[in-house]
Structure formats: structure tokens, C-alpha cells
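Since this is a predicted model, take the numbers as computed values, not measurements. In listed order, ligands and their atoms are each counted from 1.
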Amino acid sequence: MKLSAVILAAGQGTRMKSSLPKVLHPLLGKPMAWYALQATRQVIQSTPVMIVGYGAEQVQQVMGSQAEYALQEPQLGTGHAVLQAEPVLRGSCELVLVTYADMPLLTAETLSRLADLAESHDGPVTMLTVTAPDARGFGRILRDKSGTVSAIIEEAQATPEQLDIHELNPGVYCFRAGWLWDALKRIPLSPKGEYYLTDLVGMAVVEGHAIRSIDVADPDEVIGINTRLHLAQAGALLQQRINRQWMLAGVSMVDPSSTYIEPEVTLGADTTLWPGTYLRGDTHIGSGCVIGPNTIVQDTRVGDHCTLLASVLEGALVEDHVDMGPYCHLRQGAHLAHGVHMGNFGEVKNSTLGPGAKMGHFSYLGDATVGAEANIGAGTITCNFDGTQKHETVIGEGAFIGSDTMLVAPVKVGEGARTGAGAVVTRDIPPHTLAVGVPARVIRELKK
Ligand code: UD1
Ligand code: CA
């Protein structure tokens with residue numbers, strides 16, 4: 001049966017006390033709404049419809065083409081919100097899944113079970129329920145003598161006896177489209193001036209339909225985020241979920257609670273993560289690596305058997321058997337080939353270090369190409385910026401750059417050439433020669 005989805009995201013989220021719309025608050029590097037979209041997109045074949053209202057333009061801009069959008073203005077309740085999807089969806093599907101952008105822990109598996117159950121019977125309403133000690137303001141589920149759901153009662157309207165019910169409404173449903181669009185228009189206005197989606201349950205029962213429900217075993221899945229406290233709780237749960245998955249896939253974590261892995265990161269088996277490791281964005285790490293303590297890797301690809309100690313990497317490419325740190329900084333376009341060694345306090349930007357190149361101590365390489373097995377002495381600096389423009393430095397294979405050499409770009413050091421300590425290189429140095437001084441001059445040829 002053709003299944004579509006509506007994701008509600010129009011509310012302001014006043015309790016966040018923020019100028020940012022609630023659903024854009026980040027959780028492990030992704031806007032909260034991203035998680036609901038991901039889970040939903042795994043279950044339906046089409047693009048979900050997101051109902052936007054507060055901060056609509058900003059939400060659409062951030063979430064982009066991952067969703068279609070329908071504007072709800074003003075926001076007259078959850079029933080009114082779903083109705084805004086009618087022009088987009090009417091006639092295009094038989095089942096409509098309804099979920100929330102502020103429920104980031106709900107899994108695709110649960111949504112998929114809900115959709116399967118909805119398909120298996122012909123009643124118009126199939127829903128999730130959850131049993132939890134803490135009601136968190138959720139609506140209560142009422143059941144008749146036979147045990148079928150008969151209505152949902154909102155907390156504000158519940159009697160003291162009803163408040164004691166611990167079976168709750170997460171607010172996630174799968175509706176028959178043919179029934180839904182017309183039923184939504186028949187929802188009465190609540191005393192608070194809203195159209196409650198929950199009224200559909202009672203309406204279906206009155207019409208003689210049986211409601212079917214699935215109990216969500218893990219109440220954490222349906223945590224809705226209303227405050228920054230909830231945001232932090234959900235963040236910790238997502239972190240645990242992701243870390244658990246990687247540990248079961250063969251990654252060791254010395255302290256999972258201080259290890260953060262964003263959802264799109266991948267890791268190879270037998271990699272060990274030390275505390276304070278933060279792997280961000282489009283980062284992919286190979287197997288047999290040791291990362292951290294205190295290492296941030298963002299949008300970077302790291303090969304196998306690398307050691308990254310107390311370092312920061314952004315937009316870099318690191319091949320196999322590289323070891324670096326402590327306190328290295330790889331910036332955009334840094335490329336370290338197989339077996340590169342980078343000792344403490346090195347910075348590399350938009351530069352390639354060839355296989356086996358070494359850069360042991362206190363150096364900066366910007367816009368440079370370093371040949372295989374070259375040695376960059378302590379304190380070497382590429383003076384790549386002349387105040388207006390960036391210039392390139394090329395260091396040949398097997399070159400030996402003496403300590404504290406300044407390479408005033410554009411400049412080339414030939415293969416097998418050497419510079420003396422403290423040299424200021426302003427002109428190209430031919431291969432296999434030794435240059436010393438300020439400015440550096442070639443003083444002799446070297447044996448090949
Ligand atoms: C709703 C349910 C309640 C359930 C709870 C679970 C109703 C009437 N009640 O209550 O039974 O236990 O969710 O979280 O449905 N939204 C819109 N447009 C609106 C109103 C809300 O898009 O006009 C969105 C909000 O952004 C939010 C979600 O719908 O993401 C839920 O709205 P909220 O007002 O928080 O409903 P609850 O009172 O939590
Ligand atoms: Ca809510």
C-alpha cells in the first residue's frame with residue numbers, strides 16, 4: 001500500500017527559550033528534525049511532508065530537499081497541522097504516517113512496524129502507545145472492557161483517576177488516507193481553541209472502527225523535546241545508541257560517555273577511541289587506528305593503522321600508517337600520505353606530505369607539496385602569504401629542511417637538497433645541493 005508521511009514541526013518551542021526554531025537545535029551535529037526525517041525516509045518511498053510554521057523559512061532552508069513543506073499559519077493544533085498536508089498528499093497515497101520533528105529517538109523499525117500493522121487491518125487509525133512511569137504531559141490512553149483503545153484524553157482534561165493511567169499517547173499514528181482528510185475537518189474546536197489530532201481516535205471508535213495499537217517497548221524512543229534539558233537527555237541517548245552500535249561492530253571505547261560520534265561517521269574494526277574523542281560530519285576512519293585522547297576529527301578520511309593523539313583535523317585526508325600528535329592541526333586540504341610522521345605542534349593546510357615524510361616539531365606548512373621521505377626540521381615555516389596572495393612551496397623527495405628554515409614562497413627545494421639551520425630560502429634550491437644563511441645561498445653540491 002502506498003505510504004506517505006507527515007512530520008509536524010510548526011510549533012515554536014517556547015520552552016527552549018531560543019531564537020532558533022526548536023526543531024533546528026543540534027543533536028550530535030545534526031538539526032533535531034534530521035533524525036525524524038531519516039527514520040521516516042527509511043520507511044516510506046516518497047518524500048515526507050514537513051508542516052512548518054514558526055521559523056518556517058529557516059527550517060526549510062536548513063532541511064532543504066529532504067522534505068516537502070506545507071505551511072501552517074496560524075498554528076491551531078495538531079489536527080489542524082496534519083490537515084495542511086492534504087493539498088500535497090490527497091489522492092497520492094493510501095496510508096499516512098504522522099510523526100514529530102521533535103521526537104529524534106523514534107526508530108525506523110518502530111515506524112515500520114506501525115505501518116505494517118496499519119496495512120494488515122482495515123480500520124482507519126493505527127497508533128503507538130507506550131507505558132512509562134513518568135507521563136511527561138502525554139495524553140492518556142483509555143481502553144474499553146475488551147481492551148481496545150477507546151479514546152485519548154489530554155492531560156489538561158483528565159480526571160484524577162485518568163491521570164493515574166500510565167499507558168500514554170506518543171502521538172504517532174498511521175491513518176487510512178481515504179478516511180483521514182475528511183475526518184480532520186470534522187474535529188471539534190477544543191476549549192483551548194485548538195483542533196486536537198487525538199480526537200480522531202474517539203471519532204473512529206464512535207463510527208464503529210476498531211483502533212489497533214503497538215506498544216513501544218523502550219519509552220526513550222518517544223521522548224519529545226520541549227526544553228534544553230530534554231535536548232541534553234536525548235543527545236546522551238543518541239550518543240549511547242551510536243556508540244553501542246560501533247562497539248558491537250568492533251570499535252573499542254575506553255570511556256563511551258566521553259566519546260562522541262556523529263551519525264554519518266564510519267569506523268573500521270579494531271580501532272580504539274580514547275576519552276575526549278569527537279568524530280564529526282563526513283568523517284570515515286579505518287581499522288586498527290588509535291584516536292585520542294582529546295582529538296577532534298571533522299569531515300576527514302583516515303586510513304588504517306593511524307595514531308591521532310590530542311589533535312584537531314578538519315577537511316583532511318590521512319592515508320594508512322600515519323602517526324601524529326600530540327597537538328597537531330590539519331586544516332582544509334591537508335593530505336598526509338602513507339607512513340607520514342607528524343610530531344608535536346605541527347599545522348598543515350592545503351598541503352600534501354608524500355609517503356614517509358617527517359615533520360617532527362613546531363612547523364607550519366601551507367600550500368606546500370612535500371616529496372616522499374623528506375624531513376621537515378623543527379620550526380620550519382612556509383611563508384606562504386605575502387600579505388595579499390598565497391604562494392606555493394615545493395619540497396623534493398628526500399630533501400632535508402634544517403631546523404628553523406623559513407621557506408619564502410613561491411619557492412622550490414630540489415630533491416635530496418638540504419638547508420642549514422635558520423636558513424631563509426627566497427630562491428629555488430637545486431637538487432642535491434646545500435643552501436645556508438639569510439638569504440640562503442648554495443654553498444656546495446651533495447652526493448646523490
Ligand atoms: C500531543 C498530543 C498528546 C501526546 C503528545 C506527545 C494532541 C492534541 N496531543 O500533545 O496526546 O501525548 O503530543 O508528544 O495532539 N504542532 C504543530 N502545529 C500545531 C501544534 C503542534 O506543528 O498547531 C507540532 C509541534 O511543533 C510539536 C507537535 O506538533 O512538535 C506536538 O505539539 P504539542 O503542542 O507539543 O502537543 P502536546 O501538547 O505535546
Ligand atoms: Ca509536546
Side-chain angles (χ1 to χ4, degrees), residues 5-16 18 20-25 31-33 35-37 40 48-56 58-60 63 67 69-85 97-106 110 125 127-132 134-142 149 151-158 162-163 165-173 175 180 183-184 187-203 211 213 216 219-227 230-231 234:
V6 179
I7 301 177
L8 305 196
Q12 180 179 1
T14 30
R15 283 179 285 165
M16 294 297 280
S18 177
L20 187 69
K22 174 167 82 173
V23 299
L24 296 184
H25 276 259
M32 192 193 297
Y35 293 91
L37 270 170
T40 310
V49 179
M50 189 172 270
I51 309 299
V52 290
Y54 181 80
Q58 207 180 343
V59 174
Q60 288 183 60
M63 303 317 299
Y69 300 92
L71 185 66
Q72 186 199 17
E73 192 58 66
Q75 285 108 49
L76 299 179
T78 46
H80 178 254
V82 175
L83 188 56
Q84 309 312 306
L97 211 49
V98 173
T99 183
Y100 302 98
D102 62 0
M103 214 175 253
L105 293 155
L106 189 62
T110 299
V125 184
M127 60 185 287
L128 296 183
T129 67
V130 67
T131 303
D134 178 6
R136 297 179 80 108
F138 279 20
R140 308 299 200 271
I141 306 284
L142 306 186
V149 175
I152 296 165
I153 185 90
E154 289 305 297
E155 184 166 279
Q157 271 102 51
Q162 289 170 335
L163 286 177
I165 297 172
H166 289 288
E167 192 183 15
L168 311 170
N169 173 34
V172 179
Y173 320 84
F175 297 106
L180 175 68
L184 284 170
I187 296 177
L189 199 60
S190 81
K192 276 176 75 184
E194 292 193 10
Y195 298 93
Y196 290 161
L197 186 61
T198 43
D199 284 353
L200 291 185
V201 172
M203 285 164 57
I211 311 293
S213 67
V216 183
D220 287 344
E221 266 201 56
V222 292
I223 287 181
I225 292 171
N226 298 316
T227 67
H230 300 154
L231 186 70

J.: Evaluate Phe138 for polar contact with ligand 1, using N/O atom pairs at a separation under 3.5 Å.
T.: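 Between Phe138 and ligand 1 (N or O atoms, distance only) the closest approach is not under 3.5 Å.
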
J.: Which atoms of ligand 1 are found less than 4.0 Å from any heavy atom of Gly139?
T.: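 Near Gly139, meaning under 4.0 Å from one of its heavy atoms, ligand 1 has 3 (C), 4 (C), 11 (O), 12 (O).
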
J.: Any side-chain heavy-atom pair from Arg140 and Leu163 closer than 4.5 angstrom?
T.: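 Yes; the side chains approach each other to less than 4.5 Å.
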
J.: Among Gly224, Ala10, Pro21, which residue places a heavy atom closest to atom 22 (O) of ligand 1?
T.: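 Heavy atom nearest to atom 22 (O) of ligand 1 belongs to Ala10.
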
J.: From atom 32 (O) of ligand 1, work out which of Thr78, Leu197, Ile141, Val222 has a heavy atom at the shortest distance.
T.: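 Of the listed residues, Thr78 has the closest heavy atom.
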
J.: Write down the atom of Leu71, the atom of Gly53, and the distance for their closest heavy-atom approach.
T.: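 In this case the closest contact between Leu71 and Gly53 is CD1-CA, 4.2 Å.
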
J.: For ligand 1, which is the ligand I care about here, please tell me if Gly11 has any N or O atom under 3.5 Å from one of the ligand's N or O atoms.
T.: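 Looking only at distances, the answer is yes, because the N/O contact criterion of under 3.5 Å is met.
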
J.: Measure from atom 18 (N) of ligand 1 to every heavy atom in Gln72, Lys192, Gln12, Glu154 and give the option owning the shortest one.
T.: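 Ranked by closest heavy atom to atom 18 (N) of ligand 1, first place is Gln72.
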
J.: Can you tell which of Gly77, Ala101, Gly137 gets a heavy atom nearest to atom 20 (C) of ligand 1?
T.: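 Heavy atom nearest to atom 20 (C) of ligand 1 belongs to Gly77.
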
J.: What are the two closest heavy atoms between Gln75 and Tyr54, and how far apart are they?
T.: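 Reported closest heavy-atom pair: NE2-N, 3.6 Å.
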
J.: In chain order, what residues pass the ring-ring contact (aromatic ring centres under 6.0 Å, His included) check against Tyr100, with sequence neighbours excluded?
T.: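 Here no residue qualifies.
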
J.: Please report the interatomic distance NE2(His230) to CZ(Arg15), rounded to the nearest 0.5 Å.
T.: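 Result: 7.0 Å between the selected atoms.
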
J.: Below 4.0 angstrom from a heavy atom of Pro170, which ligand 1 atoms are there? Numbered from 1 as shown, please.
T.: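 Taking each heavy atom of Pro170 in turn, ligand 1 has 6 (C), 14 (O) under 4.0 Å.
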
J.: Give a yes/no on ligand 1: does His80 have at least one heavy atom closer than 4.0 angstrom to it?
T.: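 Under 4.0 Å: no for His80.
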
J.: Is there a side-chain contact (heavy atoms from CB on, under 4.5 Å) between Ile51 and Val6? Walk through the geometry before answering.
T.: CA-CA 7 Å; Ile51 309 299; Val6 179; 3.6 Å; yes

J.: Report, in ascending order of atom number, the atoms of ligand 1 lying under 4.0 Å from any heavy atom of Ala81.
T.: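 Once the distances to Ala81 are compared, the set is 17 (C), 18 (N), 22 (O).
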
J.: Rounded to the nearest 0.5 Å, what separates atom CG in Asn169 from atom CG in Leu128?
T.: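 If I round to the nearest 0.5 Å, the distance is 8.5 Å.
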
J.: Ignoring angles and geometry beyond distance, decide whether Asn226 reaches within less than 3.5 Å of ligand 1 through its nitrogen or oxygen atoms.
T.: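 N/O-N/O distance below 3.5 Å does not exist for this pair.
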
J.: Determine whether Met63 and Val52 make a side-chain contact, defined as any pair of heavy atoms from C-beta on separated by less than 4.5 Å.
T.: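 No - every pair of side-chain heavy atoms lies 4.5 Å or more apart.
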
J.: What are the atoms of ligand 1, with element, lying closer than 4.0 Å to any heavy atom of Leu76?
T.: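 That gives atoms 23 (O) of ligand 1.
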
J.: For the 3.5 Å polar cut-off, considering only N or O atoms, please tell me whether Lys22 and ligand 1 meet it.
T.: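 No: no nitrogen or oxygen of Lys22 is under 3.5 Å from one in ligand 1.
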
J.: Decide yes or no on side-chain contact (heavy atoms from CB on, under 4.5 Å) for Leu197 and Phe175, but give the supporting numbers first.
T.: CA-CA 11 Å; Leu197 186 61; Phe175 297 106; 4.2 Å; yes

J.: Pairs of nitrogen or oxygen atoms closer than 3.5 Å, one from Tyr100 and one from ligand 1: do any exist?
T.: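 N/O-N/O distance below 3.5 Å does not exist for this pair.
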
J.: Quick one: which of Asp102, Ile7, Leu8 has a heavy atom closest to atom 24 (C) of ligand 1?
T.: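 That would be Leu8.
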
J.: Give yes if a backbone or side-chain nitrogen or oxygen of Asn169 is under 3.5 Å from a nitrogen or oxygen of ligand 1, and no if not.
T.: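 N/O-N/O distance below 3.5 Å exists for this pair.
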
J.: For a 4.5 angstrom cut-off between non-hydrogen side-chain atoms, does Asn226 reach Lys22?
T.: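 Yes, side chains in contact.
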
